[in-house]
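What follows is a short report on a single structure.
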Amino acid sequence: MQPTVTAPVTSRLRLDAIDLVRGIVMILMVLDHTRDFVHAGGIVSDPLNPATTTMLLYVTRWVTHLCAPTFALLAGLGVGLLRLRGATAGDVSWFLFTRGLWLVVLELTLFRLLVWFNVDFTFLAFLQVIWAIGASMLALSALVRLPLVALAAIAGVILIGHNALDGIGVPFWFPGGDTPAPGVGATLWLLLHQSGFFQIGGPSGPVVLVQYPVLPWIGLVTAGYVMAAIYAWPGERRRRVLVFSALTMLAAFVVLRTFNIYGNPTDWAPQPTYVQSAMAFMNVQKYPPSLSYVLVTLVPALLALAALDGRTIAGGVWGAIVTFGRVPFFFYILQWVTAHVSGIIVTTAQGKSIDGYFKHLLDFFQQPPDFGGPLWTVYVCWLVSLLAMYPLCRWFAGVKARRREWWLSYL
């Protein structure tokens with residue numbers, strides 16, 4: 001069932017600005033996933049550890065922190081714009097439910113195969129951003145009939161308050177380890193608020209890795225849905241609110257993080273050098289996203305939305321980025337393919353074993369073999385991947401623009 005859409009309240013220009021911001025963070029996402037499979041040790045090392053990383057590697061990883069929270073916020077914003085265009089609460093609820101269920105199913109099936117090339121169901125699922133957004137949409141589908149002020153309060157309580165739950169922890173379990181596998185209650189907690197592994201059906205059952213516990217992402221998607229209300233306001237007022245919100249969030253981050261008051265499970269501490277200290281200061285938790293993480297990573301998106309609001313975006317590089325932003329699901333599928341192809345090419349060029357590359361992807365729990373190359377190869381593959389994906393994304397964006405079948409809104 002497709003929501004009923006009447007004449008847009010918002011102009012096409014503002015939607016282009018949203019697509020541009022979405023396209024930018026999607027391009028950064030490709031950099032992150034390319035690094036995973038192209039950079040030697042990229043999938044298992046910690047590029048944010050001040051003691052072991054380099055400046056370029058740190059920045060390469062940190063800048064991709066902007067992707068997931070912006071993507072989740074804009075996912076909620078996109079659904080909120082349906083409401084502004086005239087969709088009923090029932091239409092929006094149904095769309096959220098079906099879209100969310102669709103994303104969760106795809107995370108458990110298609111994306112599991114695309115990410116890991118893994119047909120051994122001993123490792124059943126890797127729950128990451130698509131699962132988190134899908135589950136958040138399912139939750140929002142049950143809340144969407146509430147007044148916007150109530151939804152704003154729910155989003156605020158979740159985003160600001162969930163770090164108060166950090167003291168509730170489930171012991172880390174890994175297949176083959178000595179710690180008992182999580183029980184039902186612990187498994188529910190992992191799905192809600194703590195990253196980790198759990199097992200289904202006893203000691204010989206399949207294993208699931210929760211990388212994106214869903215509670216904070218519900219807050220982000222709900223906040224995006226509420227945020228859509230400002231797109232019915234005059235442009236000048238909307239831009240003021242976006243800039244004020246961004247600066248307020250940045251100030252809150254600086255105060256909370258500087259004095260280790262609240263908002264991140266681990267405190268930062270001065271390091272041997274100023275650069276390493278800055279790295280430690282900015283190294284905020286993503287899994288799950290802490291309040292500090294959300295505050296600092298959404299600032300660029302809000303400022304960009306304010307700066308681009310009402311501007312004509314057509315042609316050239318910016319137009320290409322808008323094209324990417326209009327087909328996020330299609331783009332997300334393609335970038336996993338390009339990341340793996342890049343990893344295989346670079347591994348081969350380095351004289352390393354392709355068998356080792358696939359062996360790691362097919363056996364998640366073994367010690368990873370040596371594959372990939374130096375960091376500069378990540379940037380080459382990243383740029384080549386974007387160039388290769390653009391014609392396909394432009395074609396599919398044209399299909400979505402010309403046709404109005406209901407199922408296209410799910411792709």
Side-chain angles (χ1 to χ4, degrees), residues 36 41-52 61 65 68-69 104 107-108 112 115-116 118 120-136 139 157-220 256-257 260-269 280 283-294 360-368:
D36 280 339
I43 206 165
V44 292
S45 62
D46 181 6
L48 299 179
N49 184 347
T52 59
R61 174 60 178 118
H65 272 348
V104 170
E107 185 77 278
L108 297 174
R112 176 189 179 281
V115 176
W116 299 110
N118 187 326
D120 178 3
F121 288 93
T122 301
F123 175 46
L124 180 63
F126 180 38
L127 302 182
Q128 48 179 353
V129 67
I130 296 299
W131 132 266
I133 293 175
S136 298
V157 167
I158 291 174
L159 293 174
I160 296 173
H162 81 89
N163 281 121
L165 304 173
D166 291 340
I168 305 173
V170 174
F172 181 79
W173 171 79
F174 192 81
D178 296 329
T179 304
V184 174
T187 295
L188 292 175
W189 186 246
L190 291 175
L191 291 169
L192 192 67
H193 196 257
Q194 180 182 327
S195 296
F197 293 89
F198 67 86
Q199 197 164 26
I200 298 175
S204 61
V207 173
V208 175
L209 170 58
V210 183
Q211 188 174 28
Y212 280 71
V214 75
L215 179 61
W217 300 102
I218 293 173
L220 273 168
L256 291 175
R257 190 67 173 150
N260 289 322
I261 297 172
Y262 174 78
N264 203 71
T266 57
D267 294 341
W268 80 282
N283 188 12
V284 286
Q285 179 175 285
K286 180 180 180 180
Y287 308 113
S290 67
L291 173 61
S292 293
Y293 173 91
V294 171
H360 173 56
L361 297 178
L362 291 169
D363 186 356
F364 185 81
F365 304 115
Q366 73 164 16
Q367 183 67 28

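In this chain, residues are counted from 1 in sequence order. The figures that follow rest on heavy atoms only: side chains count, while hydrogens, waters and symmetry mates do not.
Heavy atoms only, all atoms of each residue included: Phe198 and Val210 are closest at CE2-CG2, 3.5 Å. Across all non-hydrogen atoms, the minimal contact from Val129 to Ala68 is CG2-CB, 4.2 Å. Annotation for Val284 and Ser292: closest pair CG1-CB, 3.8 Å, computed over non-hydrogen atoms. Pairing each heavy atom of Leu165 with each of His193, the nearest pair is CB-CE1, 3.9 Å. Here the closest non-hydrogen pair linking Ala280 and Arg257 is O-NH2, 3.1 Å. Here the closest non-hydrogen pair linking Ser290 and Pro265 is CB-CD, 4.0 Å.
The backbone N or O of Gly205 sits less than 3.5 Å from a side-chain atom of Gln199, completing a donor-acceptor pair. In this structure, Arg61 contributes its side chain and Asp46 its backbone to no donor-acceptor pair below 3.5 Å. With Gln194 contributing its side chain and Val170 its backbone, the two residues share a donor-acceptor pair below 3.5 Å. A donor-acceptor pair is defined here as one N or O able to donate and one able to accept, closer than 3.5 Å; no such pair exists between the side chain of Asn260 and the backbone of Asp267. Judged purely by atom type and a 3.5 angstrom limit, Glu107 uses its side chain to pair as donor or acceptor with the backbone of Ile130. A donor-acceptor pair under 3.5 Å is absent between the side-chain atoms of Tyr293 and the main chain of Asn264, judged by distance alone. Looking at Trp217, its side chain never comes within 3.5 Å of a backbone N or O of Ile133 through a donor-acceptor pair. Using modelled atom types, no side-chain atom of Gln128 and backbone atom of Trp131 make a donor-acceptor pair closer than 3.5 Å.
Proximity of Pro182 to Leu190: side-chain heavy atoms (C-beta onward) are separated by under 4.5 Å at one or more points. Residues Ser136 and Ile218 meet the side-chain proximity criterion, which asks for heavy atoms closer than 4.5 Å. A 4.5 Å side-chain heavy-atom check between Leu48 and His65 finds at least one atom pair inside the cut-off. Side-chain atoms of Thr179 and Phe197, non-hydrogen and from C-beta on, never get closer than 4.5 Å to each other. Residues Leu215 and Ile158 form a side-chain contact, since some pair of their non-hydrogen atoms from C-beta on lies under 4.5 Å apart. Between Leu209 and Leu127 there is no side-chain heavy-atom pair separated by less than 4.5 Å.
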message = Test side-chain contact (heavy atoms from CB on, under 4.5 Å) on Leu220 and Leu159; report intermediate values, then the result.
response = CA-CA 7 Å; Leu220 273 168; Leu159 293 174; 4.0 Å; yes
message = For a side-chain contact (heavy atoms from CB on, under 4.5 Å) check, start with the C-alpha distance between Leu124 and Val207, then their side-chain angles and the critical distance, and finish with the verdict.
response = CA-CA 6 Å; Leu124 180 63; Val207 173; over 6 Å; no
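The aromatic rings of Phe174 and Phe172 sit parallel to each other, their planes meeting at less than 30°, with 60° as the upper class boundary.
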